[in-house]
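Below: the structure, in structure tokens.
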Amino acid sequence: MVPATITTPVRAVTVTSNGQSIIRVESREPDVVTDGGAEGGTDQADASDPLLTEALRQLRAYFGGTLSTFDLPLDLGQISATARTVLTTLDETVASGTTITYGELARRSGTGIHARGIGSIMGMNPLLLVIACHRVVASDGLGGYSGGREGTALDTKRWLLDVPSAISPRTGSARCTPLP
């Protein structure tokens, strides 16, 4: 398995590939030092893994405002069938620029799981950003989010939800700024 870490406006993100699929996308604290030796990681992928290179290219395009949907082979790994169904339903039915409530995702997935269970599944999502768990919100507000810096997770969720609206329809370029 080959990982690479890039710096994004919200946090450092590490992507792991097994050469056939992306198997993990996770956020890191900004002071994590990776094999690249630089704070926040390296923006370089192992040249021997074209899939990892493509995943990093797509993440850069997403944060650069020119990509709203990822097109990568994904592997959710060893998660339950229920969690797989919920995350697949989210990925296939909730478009960029839209949100869904925990309760509606529970209903749409057909798993019989309650809204709180959906929240737990979002927290264990192994493919952060690529399967956009930040698009799942509470019926009375944002709900939770575990992909942000400690103490700023909901600010990160708000920022990620604003990314599609921050892309200029005329130029396709982003007008958003990094979180402090």
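This chain uses plain numbering: 1 for the first residue, then up along the sequence.
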Restricting to non-hydrogen atoms, name the atom on [X] and the atom on [Y] that form the minimum distance, rounded to 0.1 Å.
X: Pro73; Y: Leu51; answer: CD-CD1, 3.6 Å
X: Arg60; Y: Ile6; answer: NH2-CG2, 4.0 Å
X: Arg11; Y: Ser27; answer: NH1-OG, 3.1 Å
X: Thr14; Y: Pro3; answer: CG2-CB, 4.0 Å
X: Ala115; Y: Gly103; answer: CB-N, 3.8 Å
X: Leu52; Y: Ala4; answer: CD2-CB, 3.8 Å

* Side-chain touch Tyr62/Thr8, heavy atoms, less than 4.5 angstrom ->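 A side-chain contact is absent here, since even the closest heavy-atom pair is not under 4.5 Å.
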
Just do the side-chain contact (heavy atoms from CB on, under 4.5 Å) check on Val130 and Leu74 with the steps written out, would you?
CA-CA 9 Å; Val130 177; Leu74 306 175; 3.7 Å; yes

Straight-line distance of [X] [atom1] to [Y] [atom2], nearest 0.5 Å:
X: Leu129; Y: Phe70; atom1: CG; atom2: CZ; result: 6.0 Å
X: Leu105; Y: Thr99; atom1: CG; atom2: OG1; result: 11.5 Å
X: Leu72; Y: Leu127; atom1: CG; atom2: CG; result: 9.5 Å
X: Thr69; Y: Asp91; atom1: OG1; atom2: CG; result: 9.0 Å

Check for a donor-acceptor pair, side chain of Asn125 on one end and backbone N or O of Ile131 on the other, with a separation under 3.5 Å.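 Present.
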
Would you find a donor on one side and an acceptor on the other, under 3.5 Å apart, between the side chain of Gln58 and the backbone of Leu67?
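Not confirmed, Gln58 side chain does not pair with Leu67 backbone.
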
| field | Ala95: side-chain contact (heavy atoms from CB on, under 4.5 Å) partners, not counting sequence neighbours | value |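 Ala95 satisfies side-chain contact (heavy atoms from CB on, under 4.5 Å) with Thr98 only.
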
**Message:** Tell me every residue that passes side-chain contact (heavy atoms from CB on, under 4.5 Å) with Asn18, counting only those two or more places apart in sequence or in another chain.
**Reply:**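 Asn18 satisfies side-chain contact (heavy atoms from CB on, under 4.5 Å) with Met1, Gln20, Ser21, Ile23, Asp75 once adjacent residues are dropped.
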
Mind running side-chain contact (heavy atoms from CB on, under 4.5 Å) on Val15 and Leu56 for me, showing each step along the way?
CA-CA 8 Å; Val15 181; Leu56 296 180; 3.9 Å; yes

* To do: Go through the steps for Tyr102 and Ile113 under the test side-chain contact (heavy atoms from CB on, under 4.5 Å), then give the verdict.
  => CA-CA 10 Å; Tyr102 294 100; Ile113 198 164; over 6 Å; no

- Message: Suppose we screen for salt bridge (Lys or Arg N to Asp or Glu O under 4.0 Å). Which residues come up paired with Glu104, at least two apart in sequence or across chains?
- Response: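 Listed in chain order: Arg107, Arg108.
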
Margin query: List the residues meeting salt bridge (Lys or Arg N to Asp or Glu O under 4.0 Å) with Arg57, not counting sequence neighbours, and say none if there are none.
Written below: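 Once residues adjacent in sequence are excluded, the partners of Arg57 under the salt bridge (Lys or Arg N to Asp or Glu O under 4.0 Å) criterion are Glu54.
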
| query | Can you list every side-chain hydrogen bond (donor to acceptor under 3.5 Å, both in side chains) pair that touches residues 110-119, not counting sequence neighbours? | reply |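 The answer is Ser109-Thr111.
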
Q.
Could you walk me through whether Val94 and Val136 satisfy the side-chain contact (heavy atoms from CB on, under 4.5 Å) test, starting with their C-alpha distance in whole Å, then the side-chain angles of each, then the deciding distance to 0.1 Å, before giving a yes or no?
A. CA-CA 9 Å; Val94 182; Val136 185; over 6 Å; no

Could you go through residues 82-89 and list every donor-acceptor pair under 3.5 Å that involves a side-chain atom there, pairing it with any protein atom two or more places apart or in another chain?
residue	atom	partner	partner atom	Å
Arg84	NH2	Gly77	O	2.5
Thr85	OG1	Ala81	O	2.9
Thr88	OG1	Arg84	O	2.7
Thr89	OG1	Thr85	O	2.7

